[in-house]
2 protein chains.
Amino acid sequence: MPSAPTTRRPKTLKQRYLAPTVDLSAVIMAATPDEPRVLAVRVDQLEGLPSGPLQSQHRTLEMGLRTWVAEQTQLTLGYVEQLYTFGDRDRTEADVPGTGHALSIAYLALVREARPAGLVHAAWRNWYNYLPWEDWREGRPQALKVIEPALEAWARSGGKALRTFREERIELTFGFESGTWTDERVLERYELLFEAGLVAEAFRDAQPSGSAKMRFAPGQWMALDHRRILATAIGRLRGKIKYRPVIFELMPASFTLLDLQKTVEALSGVRLHKQNFRRLIEMQGLVEETGEISAETGGRPARLVRFRREVLVERPAPGVRLPRLR
Amino acid sequence: MPSAPTTRRPKTLKQRYLAPTVDLSAVIMAATPDEPRVLAVRVDQLEGLPSGPLQSQHRTLEMGLRTWVAEQTQLTLGYVEQLYTFGDRDRTEADVPGTGHALSIAYLALVREARPAGLVHAAWRNWYNYLPWEDWREGRPQALKVIEPALEAWARSGGKALRTFREERIELTFGFESGTWTDERVLERYELLFEAGLVAEAFRDAQPSGSAKMRFAPGQWMALDHRRILATAIGRLRGKIKYRPVIFELMPASFTLLDLQKTVEALSGVRLHKQNFRRLIEMQGLVEETGEISAETGGRPARLVRFRREVLVERPAPGVRLPRLR
DNA sequence: CACATTAATACTCATACTGAGCATTACTGA
DNA sequence: TCAGTAATGCTCAGTATGAGTATTAATGTG
């Protein structure tokens, strides 16, 4: 009986074996009530994410990541979660023919203090510098004025079947017709823009093809495929805050309900109904009063609250959808 | 200004650079209304998941995976999604000191036909052979009779603080006290059992320590850390069916509502309320009638239905929780 | 110092969604 | 014809949600 290949290094490959390189990269996020932030470092003249190669002495991948981040930015990470492993050839200029794959294992990390950081040039940046179309807090983002017609042109540029397919995908991710904006579909939107050639990263060697000089979607680009990683992280975070109390990883020890709401709004990029937001938070027992009162509200002073850890044990996870029996 | 390490291979490391090996592994799932299945192959005398090393000629990771699976099992995968990258040293016996990391990028794949498969010895197996405590369809699983006291003993074996911490975690994942079973927490439960030394995989070199001969939790074990990967996949799938119509990747072209319900039950491991399940499915417009009728129901014949693709465009994603404004 | 401003808080209300059941209908097999 | 097994229809009460209106407590201003 032939046996399946195992995890051991293959000995008798036909092709010459080219070892892959493995990078660990971190999307480190923080937030104020006004601004969602990501830590950016300088990579090859561009902004990028803190990252470093996986080394044999790293006991776990996560520890490797923490080590790199500490070294590069002086930050000690709290909440860390693996995001995705990127490694397709032909997606970044780091892919040199005749070498192995350049893998990048991306992590999402949430930190509280927004103190800038250390060893390499690093700075906190507003997410929406990179993905301006994702911020709907002040209404429909300006960026869409360029994006919508450009995507439509892209859809029209294909054959009939292709066109319908593309239009459907555009509608699904951007919801131009129906007006349905799904905050979590950040990656899908970015990928669509990438495929449509609307982000600079799509042209690593070649220039934008065609005679009609194409305009990119607004938004600063990043090194390698870091903007894609950022989009993945934002989408994940936006989804997660809905069913796990992760926002509190970004909040100070005590805060007002409006602070909390504003922060959630900053992350999700949409405005929320104030009274109902409070009702939801309170009913779920997510917070408890500290007894103190904040004066700096501008209006009536607000109670300060803190996260109630107990909910973790109490509720399974808000947002389960199956109609249970018994 | 010092510049951050980039994705290029490091040239001047203090340590000798030991290239990691990278495996692609697949959790391939199928389901009948009675049984959720996973495709298992033989790995080192044990059952394991189909997998193979990433090779430089694979254009994308996913294509590499598909190639391996096709070669080993003759299956052509449809729906494929990346799960997680495992690579901690000291988790599997594949970690040999003096070598690089043994990474394993795991994928979840869903297929329709349950026809067994090809080149290597491969067979469809019931999930619950490996994780019997996850199946609550016939009431509280027997397996918990062994697990509950063992976990409690484990909690008690620590100091006071450790004990509380462990008890809380046990409650959170298994919900013995409150009776709250959260179907998606499959990985958390497996990891807990692993840490408590209740699964065989936890002892790759050493024998179970201590004089009191420990009993393992029921359930067949798998090669390397494949059972962990399986747990990850099940958890992901259980979560996903609640907000994306992925069950249909596992269903035949047409089916009855009871078939659908039974399949969902098989995957999630719990029983559902029939009338309400139907109401939910129909209200969401997830299916449409084919016009045909199935006779083999045993009772009154049932309408056959098929998946309505249009919902993908219509609804953003059932299960959004933010209180929107306007 | 009364008043406009700015928020925090309290409530209300109609509608939608859910969990549990009861009732009826349509086949098959003995 | 009756028992067994499901498919389908419908009801009902309890919750949750989306949208507002109303009230309260500070601050800064002429």
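To find a chain, count down the sequence lines: A is the first, B the second, and so on, and within it residues start at 1.
A:Ala233 pairs by the side-chain contact (heavy atoms from CB on, under 4.5 Å) definition with A:Val27, A:Met29, A:Leu83, A:Leu108, not counting sequence neighbours. Residues meeting the salt bridge (Lys or Arg N to Asp or Glu O under 4.0 Å) test with B:Glu282, sequence neighbours left out: B:Arg303. Under the side-chain contact (heavy atoms from CB on, under 4.5 Å) criterion, A:Arg306 pairs with A:Glu288, A:Thr290, not counting sequence neighbours. In this structure B:Arg279 satisfies the side-chain contact (heavy atoms from CB on, under 4.5 Å) test together with B:Asn276, B:Met283, sequence neighbours excluded.
Between the side chain of A:Arg279 and the base of D:dG18 there is at least one donor-acceptor pair of N/O atoms closer than 3.5 Å.
The CG-C1' distance, from A:Leu280 to D:dA16, rounds to 9 Å in whole Å. The nearest whole Å value for the distance from the CG atom in B:Leu272 to the P atom in C:dA20 is 12 Å. Taking atom CD on B:Gln261 and atom C1' on D:dA7, their separation rounds to 12 Å, with Å as the unit. C:dA8 atom C1' lies 10 Å from atom CD1 of A:Ile293, rounded to whole Å. Rounded to an integer number of Å, the gap from B:Gln284 CD to C:dA16 C1' is 13 Å. We find that CG of A:Asn276 is positioned 13 Å from P of D:dA16, with the value rounded to whole Å. If you measure from atom CD of B:Glu292 to atom P of D:dA7, you get 17 Å, rounded to the nearest angstrom. Rounded to a whole Å, the CD atom of A:Glu282 is 18 Å from the C1' atom of D:dT15.
A:Arg278 places no side-chain N or O within 3.5 Å of a backbone atom of A:Gln261 that could act as its donor or acceptor partner.
Which of C:dG19, D:dT21, C:dT9 sits closest to the side chain of A:Gln275 comes down to D:dT21. The A:His273 side chain lies nearest to D:dG20 when the options are D:dA7, D:dG20, D:dC12.
Counting only N and O atoms by type, the side chains of A:Glu171 and A:Ser178 include a donor and acceptor under 3.5 Å apart.
Put simply, B:Lys274 has a side-chain N or O that comes within less than 4.0 Å of OP1 or OP2 on D:dA7.
Residue contacts shown for A:Arg303 are limited to sugar-phosphate atoms, with no base heavy atom under 4.0 Å away. Residue contacts shown for A:Leu258 are limited to sugar-phosphate atoms, with no base heavy atom under 4.0 Å away.
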Which atom pairs, donor and acceptor, lie under 3.5 Å between side-chain atoms of residues 140-151 of chain B and protein residues at least two apart or in another chain?
{"from": "B:Arg140", "atom 1": "NH2", "to": "B:Glu148", "atom 2": "OE1", "distance (Å)": "2.8"}
{"from": "B:Gln142", "atom 1": "OE1", "to": "B:Lys145", "atom 2": "NZ", "distance (Å)": "3.1"}

Could you run through nucleotides 23-30 of chain D and give me one letter per nucleotide, 5' to 3': B if any protein heavy atom sits under 4.0 Å from the base, S if only the sugar-phosphate is that close, - if neither?
-> -BBS----
